[in-house]
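This is the structure I have questions about; it appears just below.
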Protein chains: 4
Amino acid sequence: MDFKWVKNHLEKTSASSNDTDSTPLATFEPLIKSGLKVDLVERGRVICSMKVPPRLLNADGLLHGGATAALVDVVGGVVIPTINNATSSGVSMEINVSYLDSAYVGDEIEIEAKTLRVGKVVAVSTVEFRNRKTGNIFAQGRHTKYLVVSSKL
Amino acid sequence: MDFKWVKNHLEKTSASSNDTDSTPLATFEPLIKSGLKVDLVERGRVICSMKVPPRLLNADGLLHGGATAALVDVVGGVVIPTINNATSSGVSMEINVSYLDSAYVGDEIEIEAKTLRVGKVVAVSTVEFRNRKTGNIFAQGRHTKYLVVSSKL
Amino acid sequence: MDFKWVKNHLEKTSASSNDTDSTPLATFEPLIKSGLKVDLVERGRVICSMKVPPRLLNADGLLHGGATAALVDVVGGVVIPTINNATSSGVSMEINVSYLDSAYVGDEIEIEAKTLRVGKVVAVSTVEFRNRKTGNIFAQGRHTKYLVVSSKL
Amino acid sequence: MDFKWVKNHLEKTSASSNDTDSTPLATFEPLIKSGLKVDLVERGRVICSMKVPPRLLNADGLLHGGATAALVDVVGGVVIPTINNATSSGVSMEINVSYLDSAYVGDEIEIEAKTLRVGKVVAVSTVEFRNRKTGNIFAQGRHTKYLVVSSKL
């Protein structure tokens, strides 16, 4: 697995990408992913970075907790194919996030996803959010996915 | 506490609302909340409904797991002031969601938030997502908030 | 499903029970379950009660958080066969618990487990702990189990 | 902070320790901790090891999920004073565990707790369980504690 598949999934968010073509009205995932840059892809590990954008702020001017959870979903899912080479990362079974500190607009943040387990049926990854300047971990989450999409859960 | 404060927080998402005035570029929360209708507000309980909109779909055409998590954040937060009459619902400490089934575009869904505990420092609520037609629970989450925003966590 | 299977699993903890016969040295589950009384079993729901025993206290004289988590495991598992009639409740994939208040030695507590979903592969239940006298919820958790024990996760 | 406080808390489980003196009937924590060996203590990190004992098995002969959760509580709590030098690690607010694989009786396991955040009011740690021989992570959890025990939550 090289950078390409992961980059394609995380960085391509424009209207011309395949994802948004096939579901033309979907704006949620592009909203979350826009600005994400893939810095590292290796077996079981993906590191992305982004500058906290105004569009993901809450009413207090901080990165919205719901946006952080959505990033756990997106980045925690994309790391799974680095192990099993699947073309899908399955469906979400469980997501949890601990919020440790605030992230402010313009902060350079780093999101590191690691697989904890990729089985035939279930995969689990951990996702850590760090402030690039301070090195401070400001959120950590876990993401469990069910991989066998074709069959019934 | 009557419907007003909760309705104002959940249903007012246009550019003329106070929230979006103060942070003019924020589009995340309006994106999540647009279309939410508050059906019940009572002490410790809020029920909302919405029709799953195309803008919250994932690439498979289902309600995005990240959007569900964001709804846990938003609806799980707004139920807290029905107990303590605070004008803020604090900052998120922890969110978790179990995804039990899919929700499709156009499905009428019901989101019920109940407080489990509202203390002076910490509040916890549970949020359940049901399909209105089938009564099926398709997601359940919990949301822990830290209430004393002025002081250090 | 009547009371029998559930009662047998939760209330039989003596050395003469089948479970402890087959693994004679295991003392953990009997330690957790001893004193549990099954009050209700119906499709998708089990209610048990117990008096908080000295053996499950922490150093502060309160019900140990680890014991509460173990009760989520035990009671959250036993409710699954009320739906699928399986003779095993599978293996744990995920457990989470929010601790809302303390429980003191001698407190009469009620533990209610409900299934959120029982599929062919995965089951999820929710477990709520209440003080019988005050009605106060002092803990709530969720338990996800993988049901197909014979195959690889 | 040197090894002493942590060793004392994790390794002293006999009847002559202070903890069990003050709550003479408590058997839960000694049951969990007996056999734990502290291998490393540094600022924000504790590594322990243990051989999976028969007393912590479930009916299938594997390390009980409830015992794993209790170890998250115990080891995830004891790492907090390595940062704030408190003599108490507070009360549990939330525990979650993902179970990734089984641990068998006699397996040498390693439990690593790291602090994610230690504030004035709240602390969060992560706890990872590894099989010493294979290096395999078989469980991972998070533990949130409320530190200000004297005041109301």
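To find a chain, count down the sequence lines: A is the first, B the second, and so on, and within it residues start at 1. Keep in mind it's a predicted model, so treat the numbers as computed, not measured.
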Would you list the pairs meeting salt bridge (Lys or Arg N to Asp or Glu O under 4.0 Å) in which at least one residue belongs to residues 63-81 of chain D, sequence neighbours left out?
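Residue pairs with at least one partner in residues 63-81 of chain D: there are none.
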
Check whether D:I32 gets within reach of chain C through its side chain, its backbone, both or neither, counting any heavy atom under 4.5 Å.
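Side chain only.
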
Against chain D, work out which of C:A67, C:G141, C:S102 has the most heavy-atom pairs shorter than 4.5 Å and name it.
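Of the candidates given, the most pairs with chain D belong to C:A67.
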
I would like to know whether D:V74 and C:H64 meet side chain to side chain contact (heavy atoms under 4.5 Å, CB included); could you show each step before the answer?
CA-CA 10 Å; D:V74 168; C:H64 195 293; 4.2 Å; yes

Could you walk me through whether D:I95 and C:N96 pass side chain to side chain contact (heavy atoms under 4.5 Å, CB included), step by step?
CA-CA 6 Å; D:I95 281 181; C:N96 64 54; over 6 Å; no

As an exercise: rank C:A139, C:S92, C:A69, C:G65 by heavy-atom pairs under 4.5 Å with chain D and give me the winner.
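That would be C:S92.
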
Taking it one step at a time, do C:L31 and D:F28 satisfy side chain to side chain contact (heavy atoms under 4.5 Å, CB included)?
CA-CA 8 Å; C:L31 185 97; D:F28 185 76; 3.7 Å; yes

Not counting sequence neighbours, which residues clear side chain to side chain donor-acceptor pair (under 3.5 Å) with D:S98? List them please.
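Scan of D:S98 (side chain to side chain donor-acceptor pair (under 3.5 Å), adjacent residues dropped) gives A:R142, C:E94.
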
